[in-house]
**Q** 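Submitted below is the structure of interest, expressed as structure tokens.
Within every chain, numbering begins at 1; the chains are lettered A, B, ... in the order of the sequence lines, protein sequences first and strands thereafter.
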2 protein chains.
Amino acid sequence: MTTFRSGCPITSSLDIVGDKWTLVILRSMAMGATSFAELIALPEKIATNILASRLGRMEETGLIVCDQAGQGRRRGVYRLTRKGADLLPVVQALARWGETHLPDRWTVPEKFRDMTSEQLIG
Amino acid sequence: MTTFRSGCPITSSLDIVGDKWTLVILRSMAMGATSFAELIALPEKIATNILASRLGRMEETGLIVCDQAGQGRRRGVYRLTRKGADLLPVVQALARWGETHLPDRWTVPEKFRDMTSEQLIG
DNA sequence: TTTTATACTTGCAAAATGCAAGTGCAAAGT
DNA sequence: ACTTTGCACTTGCATTTTGCAAGTATAAAA
């Protein structure tokens, strides 16, 4: 269970997504990733135990759902919920800041820049 | 020195501001805090060693500057740079998400919601 | 039926964070 | 002048989070 540092909505949001990996995973899912394997293959090289733990917490906090989840392994695809997709403006703002203020970064795809939360959950 | 996990501007931004405290400090400075003491008094209760270390790193990465810094203690006031102030959209997006999706959170001041980066550095 | 791929778990090392206490300096009080 | 108070830290150590390497369970493919 998440314990909030204060009632501030900014701090509380950070208590949920303000770790090293959650928003990176979210970015990748916004760009189309749906499986554990795809997320392991990212250039950022997240460790398997961290990914499993982050996906678990993101499911708990309602940012993602896992279709045909249930018994054993091979758990099917992860999808963003409305709650998760609504974090897109945060990620887009980070992209914009990085492109403006950090040297030699990649350019994000145009479609990502113009995307809306609605498009992600369709 | 910051080591980036990849060339992605989103991930790289998170390599700079994606820890537990940096954006909370930034929020407080956007709302007017300028001194160590004011930041220690926040409801979030950041520890003194963490605050000192975060302020140091924020200065290194160019998010803030410290006026009349120099010898000994009593280092004067911290101010946001343009680079730091430009993170305001990220914080505003977090505020919006928190107010929408988390229960029983405070409401951020209207002036904060409508604020621009330019107003912060004046 | 052996191999391969996916989706994890486990054990332990390293790094980040947190708590409590102490330190150095300057201004204020007496 | 001398003590006290407040500010801005530092230090030492405990706890939590993250990271690496290896192993495990299941199912589909060969």
Side-chain angles (χ1 to χ4, degrees), chain A residues 1-6 11-12 14-26 28-29 32-61 64-79, chain B residues 1-6 11-26 28-29 32-61 63-79:
Chain A
M1 218 266 291
T2 325
T3 60
F4 293 116
R5 283 171 287 180
S6 76
T11 307
S12 302
L14 289 169
D15 286 331
I16 291 181
V17 303
D19 68 341
K20 210 170 162 186
W21 289 108
T22 300
L23 289 178
V24 174
I25 294 171
L26 207 128
S28 309
M29 293 183 66
T34 59
S35 66
F36 197 95
E38 282 175 288
L39 294 167
I40 283 299
L42 295 176
E44 283 88 7
K45 297 270 156 254
I46 183 168
T48 58
N49 57 342
I50 307 291
L51 178 56
S53 127
R54 277 315 78 101
L55 288 172
R57 222 171 59 187
M58 290 170 80
E59 208 177 349
E60 277 176 27
T61 52
I64 59 175
V65 284
C66 183
D67 290 348
Q68 62 257 34
Q71 72 292 3
R73 303 310 210 284
R74 184 146 284 86
R75 301 188 52 218
V77 300
Y78 295 99
R79 287 184 306 101
Chain B
M1 218 267 290
T2 325
T3 61
F4 293 116
R5 282 171 287 181
S6 77
T11 307
S12 302
S13 299
L14 289 168
D15 286 332
I16 292 180
V17 303
D19 68 341
K20 211 171 160 185
W21 289 107
T22 300
L23 289 178
V24 174
I25 294 170
L26 207 128
S28 308
M29 292 184 67
T34 59
S35 66
F36 198 96
E38 283 175 287
L39 294 167
I40 282 298
L42 295 176
E44 283 88 6
K45 296 272 157 252
I46 182 168
T48 58
N49 56 342
I50 308 292
L51 178 57
S53 125
R54 278 315 80 100
L55 287 172
R57 223 171 58 187
M58 290 171 80
E59 209 177 349
E60 277 176 26
T61 52
L63 303 182
I64 59 175
V65 284
C66 183
D67 290 348
Q68 61 258 35
Q71 71 292 3
R73 303 314 208 286
R74 183 145 284 90
R75 301 186 53 219
V77 300
Y78 295 99
R79 288 183 305 102

**Q** Send over the distance from A:Glu38 CD to C:dA7 C1', rounded to a whole Å.
**A**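 Value for this atom pair: 13 Å.
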**Q** Round to the nearest Å and state the distance from B:Phe36 atom CZ to D:dC7 atom P.
**A**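 Value for this atom pair: 11 Å.
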**Q** Taking B:Ser28 for the side chain and B:Val24 for the main chain, is one N or O donor matched with an acceptor at less than 3.5 Å?
**A**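 Yes; judged by distance alone, with no hydrogens or angles, the pair exists.
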**Q** Look at the side chain of B:Asn49 against the base of D:dC9 and say whether a donor-acceptor pair falls under 3.5 Å; ignore hydrogens and angles.
**A**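 By the distance-only test, no, there is no pair.
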**Q** Would one find a side-chain N or O of A:Tyr78 under 4.0 angstrom from OP1 or OP2 of C:dC8?
**A**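 For C:dC8, OP1/OP2 do have a side-chain N/O of A:Tyr78 under 4.0 Å.
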**Q** On the side chain of A:Thr48, is there an atom forming a donor-acceptor pair with the base of C:dT9 - under 3.5 Å, no angle test?
**A**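 Side chain to base: pair present.
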**Q** Are any of the side-chain heavy atoms of B:Ile64 and B:Ile25 separated by less than 4.5 Å?
**A**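 Side chain of B:Ile64 against side chain of B:Ile25, heavy atoms only: no contact under 4.5 Å found.
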**Q** D:dG19 P sits how many Å from A:Arg54 CZ, rounded?
**A**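 The distance from CZ of A:Arg54 to P of D:dG19 comes to 9 Å, rounded to the nearest Å.
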**Q** Heavy atoms from C-beta onward define the side chain here; which of C:dG18, C:dA7, D:dC20 lies closest to that of A:Ala47?
**A**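 So the side chain of A:Ala47 is nearest to D:dC20.
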**Q** Figure out the CZ/C1' separation between A:Arg5 and D:dT16, and round it to whole Å.
**A**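 My rounded result for the distance is 14 Å.
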**Q** Where the side chain of A:Trp21 is concerned, which of D:dT18, D:dA8, D:dC9 is the nearest nucleotide?
**A**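 Of the candidates, D:dT18 comes closest.
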**Q** Determine, for A:Trp21 and B:Arg5, whether the Lys NZ or Arg CZ falls below 6.0 Å from the six-membered ring centre while staying within 45 degrees of the axis.
**A**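 The answer is yes, since B:Arg5 meets both limits relative to A:Trp21.
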**Q** First locate atom OG1 of A:Thr2, then atom CD1 of A:Ile16, and finally report the distance between them rounded to the nearest 0.5 Å.
**A**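 It is 5.0 Å, given to the nearest 0.5 Å.
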**Q** Could you tell me how far apart A:Lys20 (NZ) and C:dA14 (P) are, to the nearest whole angstrom?
**A**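 It is 16 Å, rounded to the nearest whole Å.
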**Q** Expressed in angstrom and rounded to an integer, what is the separation of B:Leu55 atom CG from D:dT10 atom P?
**A**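 In whole Å, D:dT10 P and B:Leu55 CG are 10 Å from each other.
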**Q** What's the CD1-C1' distance between A:Ile46 and D:dA21, to the nearest Å?
**A**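 Answer to the nearest Å: 16 Å.
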**Q** Whole angstrom is fine here: how far is it from CG in B:Asp19 over to C1' in D:dT16?
**A**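 Those two atoms, CG and C1', are 15 Å apart.
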**Q** For the atom pair CG (A:Leu14) and CG (A:Leu23), what is the distance rounded to the nearest 0.5 Å?
**A**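 CG of A:Leu23 is found 8.5 Å from CG of A:Leu14.
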**Q** Is there side-chain contact between B:Ile46 and B:Glu44, with heavy atoms separated by less than 4.5 Å?
**A**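 B:Ile46 vs B:Glu44: side chains apart.
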**Q** Report the end-to-end axis angle of the helix from C:dT1-D:dA30 to C:dT30-D:dA1; each axis comes from five terminal pairs, and the value is rounded to 10°.
**A**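 Answer rounded to 10°: the end axes differ by 10°.
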**Q** Does A:Ser6 reach the main-chain N or O of A:Ser12 with its side chain, forming a donor-acceptor pair under 3.5 Å?
**A**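 No, the answer is negative, given that no donor and acceptor are paired below the 3.5 Å cut-off.
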